[in-house]
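Read the numbers this way: they start at 1 and go in the same order the structure lists the ligands and their atoms.
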Amino acid sequence: MKIVVAVKQIATLGDEVEFTDDERAVDPDFLDYALNDWDSFSTEEALQIRDRSGEGEVVVVSVGDEDAEEAMRRCLAMGADRGIRIWSDALDGADPITVARALAEVIRREGPDFVFAGVQSADSVQAATGVALAELLGLPRVAVVTKIELGDGKAVVDRELEGGIVDRTEVDVPALFTIQTGINEPRYATLRAIKQAEQKEIEVVEPSDLGEPAYRVRRMYVPEKGAGAEMLDGSAENVAQRIAEIVKERLK
Ligand code: AMP
């Protein structure tokens with residue numbers, strides 16, 4: 001049983017934000033970094049499946065510069081067996097299709113039984129990389145997965161729909177799933193495991209052919225605040241009264 005998990009080191013914003021001089025990205029001085037929340041759930045799910053099956057390996061793959069290894073080491077400390085980091089300058093600020101192309105090249109070589117990605121990444125919120133990756137790998141895929149049961153050459157998975165409805169789906173294996181938060185409880189890595197993860201292997205690979213970018217960011221900015229907002233002060237009673245008046249005025 002081999003499971004490849006695509007994991008991303010995401011950027012998180014503090015209270016203040018400034019953009020780079022070309023206005024196409026947030027100035028890195030205003031960013032902190034962390035493992036994408038969705039990817040800790042998908043790593044945990046992969047580890048549980050490996051451990052239940054009693055054999056196999058979990059390989060975490062990430063597109064990112066050297067700093068991304070910190071997020072990868074967290075997954076290795078949770079129990080993943082090894083990591084592969086993919087990088088070239090052409091991947092700096094890459095769109096999700098280009099990232100999926102880079103991932104596909106490496107994952108094809110690995111020939112896994114399952115590929116897991118998160119539903120979305122908290123910083124770029126594309127919800128596209130996993131689905132694009134399935135297409136490039138020619139794998140069946142199920143999105144927003146909340147439960148996985150393995151059968152003989154098949155998997156039965158629940159996926160979340162609107163309004164609390166669940167869609168139970170059967171797919172052939174190998175397959176790609178995008179994993180939803182809450183599917184499990186990601187384990188905390190012990191200090192010892194974090195130390196041991198320092199020794200685990202992270203292979204670094206340069207992609208060969210990324211093709212044309214699927215899009216380019218033109219400008220990143222904070223939109224101007226719209227006019228017409230009225231701040232309501234006072235007791236809850238006064239605020240509620242004022243809201244009632246505003247609603248009545250607007251409905252006239
Ligand atoms: P996104 O399409 O950016 O919302 O991200 C969805 C999922 O795609 C993430 O949870 C990861 O599993 C995967 N992914 C996105 N970007 C990367 C990356 N740079 N390296 C590895 N996996 C990624």
Report the nearest protein non-hydrogen atom to [atom]: residue, atom name, distance rounded to 0.1 Å.
atom	result
atom 5 (O) of ligand 1	S121 N, 3.3 Å
atom 15 (C) of ligand 1	T129 OG1, 3.5 Å
atom 23 (C) of ligand 1	K8 CB, 3.9 Å

Under the side chain to side chain donor-acceptor pair (under 3.5 Å) rule, collect the residues that match up with K147, sequence neighbours excluded. E149
By side chain to side chain donor-acceptor pair (under 3.5 Å), which residues pair with E170, not counting sequence neighbours? none
Aromatic plane relationship, F114 with F177 - under 30° parallel, 30 to 60° tilted, over 60° perpendicular: tilted
Which of E57, E203, E201 passes side chain to side chain donor-acceptor pair (under 3.5 Å) with R82? Answer is E57
State the atoms of ligand 1, each with its element, that fall below the 4.0 Å cut-off from a heavy-atom position in [X].
X	result
A6	11 (C), 12 (O), 22 (N)
S62	20 (N), 21 (C)
V61	21 (C)
N36	9 (C), 10 (O)
Q126	1 (P), 2 (O), 3 (O), 4 (O)
S124	3 (O)
A128	2 (O)
V7	20 (N), 21 (C), 22 (N)

Please determine if E212 and R101 form a salt bridge, counting it only when a charged side-chain N lies under 4.0 Å from a carboxylate O. no
Under 3.5 Å: donor-acceptor pair, side chain of [X], backbone of [Y]:
X	Y	answer
R141	V115	no
K200	A80	yes
D95	T98	yes

For a 4.5 angstrom cut-off between non-hydrogen side-chain atoms, does V4 reach V106? no
Less than 3.5 Å apart, any donor N or O on the side chain of K8 or S124 sitting next to an acceptor on the other? yes
A127 near ligand 1 by a heavy-atom separation under 4.0 Å: yes
Hey, is ligand 1 close enough to V63 that some N/O pair sits below 3.5 Å? yes
Nitrogen or oxygen of G118 less than 3.5 angstrom from that of ligand 1: yes
Taking non-hydrogen atoms only, is D39 closer than 4.0 angstrom to ligand 1 via side chain, backbone, both or neither? side chain
